[in-house]
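The structure under discussion appears below in the form of structure tokens.
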Number of protein chains: 2
Amino acid sequence: MQLSNAEEQVMEHLWKMEKAFMKDLLEAYPEPKPATTTVATLLKRMIDKKFVAYNEFGNSREYYPLVKKSDYFSKHVNGLIKNFFDNSASQFASFFTTETNLSEKELEELKKIIDVQLQKKKK
Amino acid sequence: MQLSNAEEQVMEHLWKMEKAFMKDLLEAYPEPKPATTTVATLLKRMIDKKFVAYNEFGNSREYYPLVKKSDYFSKHVNGLIKNFFDNSASQFASFFTTETNLSEKELEELKKIIDVQLQKKKK
DNA sequence: GAATTAACTCTACAAATGTAGAATAAAAAA
DNA sequence: TTTTTTATTCTACATTTGTAGAGTTAATTC
């Protein structure tokens, strides 16, 4: 099951903080902050969906993510690729490189990354 | 406003076919095909959202997309980048290159694409 | 220890989404 | 021209999502 947008935001915070109490999560929100109960509802739903768990500390809980950001993200990108590019990652890559405006420096970096990948493949 | 998942599927078909009558759209679906009324509802919603328009032909309509796939897609990717990578396209690119398993050939292609982009930037 | 606060659960409710039946109208087939 | 098919609109309804009040309980502060 997927996270909704509002839930994804909570995840973002959790990923950044690694673990957090309700209070920390609320702080992480910009004004206007949502009601505590709103965040509580979202957390509960995320727990049901097995995206979040917690450790009990007194009467409150320290929440933490159950899925890695990279894994979650992978699924997203793969979904996009499947959806929009008939499963062709290279088509996606090409599109991405032309449409996103990466700076010269970023492009050079990317090239390096690709070279590393290529080395790995060739082994 | 954004398209929902089901609506996105209709869009996919429309993008592929460029324009289509109800019948064509239904054919494009794999089994089990949705009810005609379902697709009709989706189309109507998409028309409201200004993603689709149509030309009338007799008693039926030829639907066509109002937004280009590439534009729609850009927004998606940019959303992803913003959401997950603090707006850093290069971070995304790096992630993408390492996590998606592109073949050797695809990586080479991608390198070429990057070179072309680099040439453009240098001018 | 009484009052305040923080975190949680329960309940609720409006909007969006996925899905489709019933009714209608027009076109095509018999 | 009667029947059948097709496309559309209207209505409907369950589920999911966004948001939060009310109430409860435990911890903290006076």
Side-chain angles (χ1 to χ4, degrees), chain A residues 1-14 17 19-67 72 75-76 79-80 83, chain B residues 1-14 17 19-67 72 75-76 79-80 83:
Chain A
M1 200 187 272
Q2 270 297 282
L3 293 178
S4 75
N5 283 326
E7 288 163 358
E8 229 170 58
Q9 267 187 33
V10 177
M11 266 322 246
E12 260 312 307
H13 294 143
L14 274 186
M17 309 194 241
K19 47 192 177 170
F21 289 93
M22 172 59 75
K23 160 174 78 89
D24 309 317
L25 280 171
L26 270 177
E27 262 168 35
Y29 275 89
E31 298 296 346
K33 295 183 195 298
T36 321
T37 49
T38 301
V39 179
T41 304
L42 292 174
L43 281 169
K44 188 190 282 271
R45 288 178 186 166
M46 292 162 85
I47 289 164
D48 289 347
K49 293 182 181 178
K50 310 276 187 211
F51 276 89
V52 168
Y54 60 84
N55 291 312
E56 219 132 16
F57 272 75
N59 73 327
S60 63
R61 303 163 174 184
E62 188 173 47
Y63 299 94
Y64 59 88
L66 279 182
V67 293
Y72 183 76
K75 257 182 216 145
H76 255 251
L80 263 195
N83 224 315
Chain B
M1 201 187 273
Q2 272 296 283
L3 294 178
S4 74
N5 283 327
E7 287 163 358
E8 228 170 60
Q9 266 188 30
V10 177
M11 265 322 246
E12 261 311 306
H13 294 142
L14 274 185
M17 310 196 241
K19 45 192 177 171
F21 291 94
M22 173 57 77
K23 160 173 77 88
D24 308 318
L25 280 172
L26 271 177
E27 261 167 36
Y29 275 88
E31 299 297 346
K33 295 182 195 303
T36 321
T37 49
T38 301
V39 179
T41 303
L42 292 174
L43 281 169
K44 187 188 282 270
R45 289 178 186 166
M46 291 162 85
I47 289 163
D48 291 346
K49 292 183 182 176
K50 310 278 188 210
F51 276 89
V52 167
Y54 60 85
N55 291 311
E56 217 131 18
F57 273 75
N59 73 326
S60 62
R61 303 164 172 181
E62 188 174 48
Y63 299 94
Y64 60 87
L66 280 181
V67 293
Y72 183 76
K75 256 181 218 147
H76 253 252
L80 262 196
N83 224 315

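Quick note on labels: first sequence line is chain A, next is B, and so on, each numbered from 1.
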**OP:** Measure the distance from CE on M22(B) to C1' on dA27(C) and round it to the nearest whole Å.
**Re:** 16 Å
Original post:
How many Å lie between CG on L43(A) and P on dA7(C), as a whole number?
Top reply: 12 Å
Subject >> Pairwise 5' ranking along DNA chain D for F21(B) and E7(A), keeping only the more 5' one >> reply: F21(B)
Original post:
So does Y29(B) get a side-chain nitrogen or oxygen closer than 4.0 Å to the phosphate oxygens (OP1/OP2) of dT19(C)?
Top reply: no
Original post:
Which heavy atom in F57(B) sits nearest to a heavy atom in E62(B), and how many Å separate them?
Top reply: CE1-OE1, 3.7 Å
**OP:** In whole angstrom, give the distance that lies between atom OH of Y54(A) and atom C1' of dT9(C).
**Re:** 11 Å
Original post:
Base, sugar-phosphate alone, or nothing: which one does F57(A) contact when heavy atoms must sit under 4.0 Å apart?
Top reply: nothing
Original post:
N5(B) CG to dT15(D) P: how many Å, rounded?
Top reply: 18 Å
Subject >> Close side-chain approach of H13(A) to D24(A), heavy-atom, < 4.5 Å >> reply: no
**OP:** Return the 5'-most residue of the pair S60(A), S60(B) with respect to DNA chain C, ranking by each residue's nearest nucleotide.
**Re:** S60(A)
Original post:
How close or far is atom P of dA15(C) from atom CD of Q2(B), stated in whole angstroms?
Top reply: 20 Å
Subject >> Member of K49(A), R45(A), Q2(A) meeting the side chain to side chain donor-acceptor pair (under 3.5 Å) criterion with E7(A) >> reply: K49(A)
**OP:** For A6(A), answer base if it contacts any base atom (sugar-phosphate contacts may also be present), sugar-phosphate if it contacts only those atoms, and nothing otherwise; contact means non-hydrogen atoms under 4.0 Å.
**Re:** sugar-phosphate
**OP:** Any chance you could list the contact pattern along nucleotides 21-28 of chain D? Use B for base contacts, S for sugar-phosphate-only contacts and - for none, protein heavy atoms under 4.0 Å, 5' to 3'.
**Re:** BB---SS-
**OP:** Quickly work out the L26(A) CG to dA20(D) C1' distance and round it to whole Å.
**Re:** 13 Å
Original post:
Does a side-chain N or O from K44(B) land closer than 4.0 Å to OP1 or OP2 of dT9(D), or not?
Top reply: yes
Original post:
Whole Å only: how far is the CD atom of Q9(A) from the C1' atom of dG18(D)?
Top reply: 11 Å
Original post:
Side-chain N or O of T36(B) less than 4.0 angstrom from OP1 or OP2 on dT8(D)?
Top reply: no
**OP:** For D48(A) and dT9(C), give me the distance from atom CG to atom C1', rounded to whole Å.
**Re:** 12 Å
Original post:
Has K49(A) got a side-chain N or O lying under 4.0 Å from the OP1 or OP2 atom of dT17(D)?
Top reply: yes
**OP:** Answer yes or no: is there a side-chain heavy-atom contact under 4.5 Å between L66(B) and I47(B)?
**Re:** no
Subject >> Nearest heavy-atom neighbours spanning A6(A) and Y29(A) >> reply: O-OH, 4.4 Å
**OP:** Using only side-chain N and O atoms of R61(B), determine if any of them is under 4.0 Å from OP1 or OP2 of dA26(C).
**Re:** no
Subject >> L14(B), V67(B), V10(B) screened by side-chain contact (heavy atoms from CB on, under 4.5 Å) with F51(B), the one that passes >> reply: V67(B)
Subject >> Check against side chain to side chain contact (heavy atoms under 4.5 Å, CB included), M1(B) and D48(B) >> reply: CA-CA 10 Å; M1(B) 201 187 273; D48(B) 291 346; over 6 Å; no
